[in-house]
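Chain letters run A, B, ... following the sequence lines, proteins first and then strands; every chain starts at 1. Bear in mind that the values here come from a model prediction, so they are computed numbers and not experimental data.
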Protein chains: 2
Amino acid sequence: MTPATKSTAGSRTLEHPALEEIRLEGVLHALSDPMRLRIVTELACCEDELACSYFELPVTKSTTTHHFRVLRESGVIRQCYRGTAKMSGLRRDDLDALFPGLLDSVLDAAARQTDRLGGA
Amino acid sequence: MTPATKSTAGSRTLEHPALEEIRLEGVLHALSDPMRLRIVTELACCEDELACSYFELPVTKSTTTHHFRVLRESGVIRQCYRGTAKMSGLRRDDLDALFPGLLDSVLDAAARQTDRLGGA
DNA sequence: CTCGTAGTTTGACAGTTCTCGTACTACGGT
DNA sequence: ACCGTAGTACGAGAACTGTCAAACTACGAG
């Protein structure tokens with residue numbers, strides 16, 4: 001994919017879209033998957049960076065990697081390596097600057113829905 | 001087919017999800033397509049029901065039909081026939097009841113993005 | 001009844017998405 | 001140096017999506 005990505009030693013860099021590159025459609029699409037919505041909800045809950053392995057998702061590791069990448073590439077989360085772990089955190093500041101109130105509305109909506117459906 | 005013979009003419013009935021059936025993921029997915037986001041924006045702008053033919057979308061009629069169906073089946077819009085025309089209107093009330101603030105945030109976000117990009 | 005306008009249906013196609021399994025790399029601890 | 005844990009890359013496959021064209025249905029006006 002990435003041309004000349006001879007990323008041999010150490011430089012485990014992760015590509016993030018710049019603030020101006022974040023598109024609303026991309027963000028909405030990223031959030032429209034149940035698994036990803038769940039990840040984002042937990043991330044918001046904790047208000048801190050979490051390792052991928054923290055989440056106990058009902059999918060394999062490769063699928064997990066995939067979902068985190070979608071979230072990162074759409075600009076919803078920020079990721080960085082920390083030892084062998086990959087930490088993820090919401091890009092709250094950027095999202096709020098670009099689309100004020102959007103993230104909170106979605107988070108609130110997700111909470112309400114969970115309450116309404118899974119509140120068994 | 002339920003023989004719900006309404007006084008108003010028309011065996012052309014359109015299926016809409018009940019309020020409790022509307023899912024956040026579905027709504028977000030419906031809104032994550034540029035064409036549909038555009039439709040919703042115009043619908044919100046007009047604050048009234050509009051015929052499909054009002055929209056001058058850069059796609060064929062069948063594609064337009066498809067997008068309107070996705071919006072209706074996800075619970076974002078409400079549709080009914082009126083003569084040969086099919087009128088569409090936002091389900092603002094239902095959406096606000098279910099996910100307070102969500103629609104407005106998305107609309108606002110869409111406006112900001114249009115401003116930021118198209119206002120070049 | 002006939003015609004035009006508005007929208008639907010169907011089938012097709014290319015592209016994307018979600019998922020998996022297996023093989024792989026990167027780092028830290030012992 | 002070795003091993004285990006965390007995550008990645010690479011196919012691959014099934015399902016879904018956005019799009020079109022062409023043939024069709026429904027309604028209103030003459």
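When the side-chain contact (heavy atoms from CB on, under 4.5 Å) test is applied to A:Thr65, no partner is found at least two apart in sequence or on another chain.
Apart from B:Leu14 itself, the hydrophobic cluster it occupies contains B:Tyr81, where clustering links Ile, Leu, Val, Met, Phe, Trp and Tyr at side-chain heavy-atom distances under 4.5 Å. A:Met87 belongs to no hydrophobic cluster, as no Ile, Leu, Val, Met, Phe, Trp or Tyr side chain comes under 4.5 Å of its own.
With contacts defined as side-chain heavy-atom distances shorter than 4.5 Å, the pair A:Leu95/A:Leu102 does not qualify.
Once rounded to the nearest 0.5 Å, the distance linking OG1 of A:Thr41 with CG of A:Asp108 reads 11.0 Å. A distance of 9.0 Å separates OG in B:Ser74 from CZ in B:Arg91, rounded to the nearest 0.5 Å.
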Kindly list each side-chain donor-acceptor pair under 3.5 angstrom involving residues 20-29 of chain B, sequence neighbours excluded, with atom names and distances?
residue: B:Glu21; atom: OE1; partner: B:Ala18; partner atom: N; Å: 2.8
residue: B:Arg23; atom: NH1; partner: A:Gln113; partner atom: OE1; Å: 3.4
residue: B:Arg23; atom: NH1; partner: B:Glu25; partner atom: OE1; Å: 3.2
residue: B:Glu25; atom: OE1; partner: A:Gln113; partner atom: NE2; Å: 2.9

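The separation between A:Glu73 atom CD and D:dT8 atom C1' is 13 Å, rounded to whole Å.
Sequence order on DNA chain C of the closest nucleotides to A:Val59 and A:Arg82 puts A:Val59 first from the 5' end.
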Sequence-aligned protein contact record of nucleotides 1-18 of chain C, with B where the base is within under 4.0 Å of a protein heavy atom and S where only the sugar-phosphate is: -----SBBB-------SS
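Direction change of the helix axis from one end of the helix from C:dC1-D:dG30 to C:dT30-D:dA1 to the other is 20°, with five pairs defining each end axis (rounded to 10°).
Among A:Asp94, A:Val40, A:Ile39, the one residue that satisfies the side-chain contact (heavy atoms from CB on, under 4.5 Å) test with A:Val76 is A:Val40.
A:Thr60 has no side-chain polar atom (N or O) that falls below the 4.0 Å cut-off from OP1 or OP2 of C:dG21.
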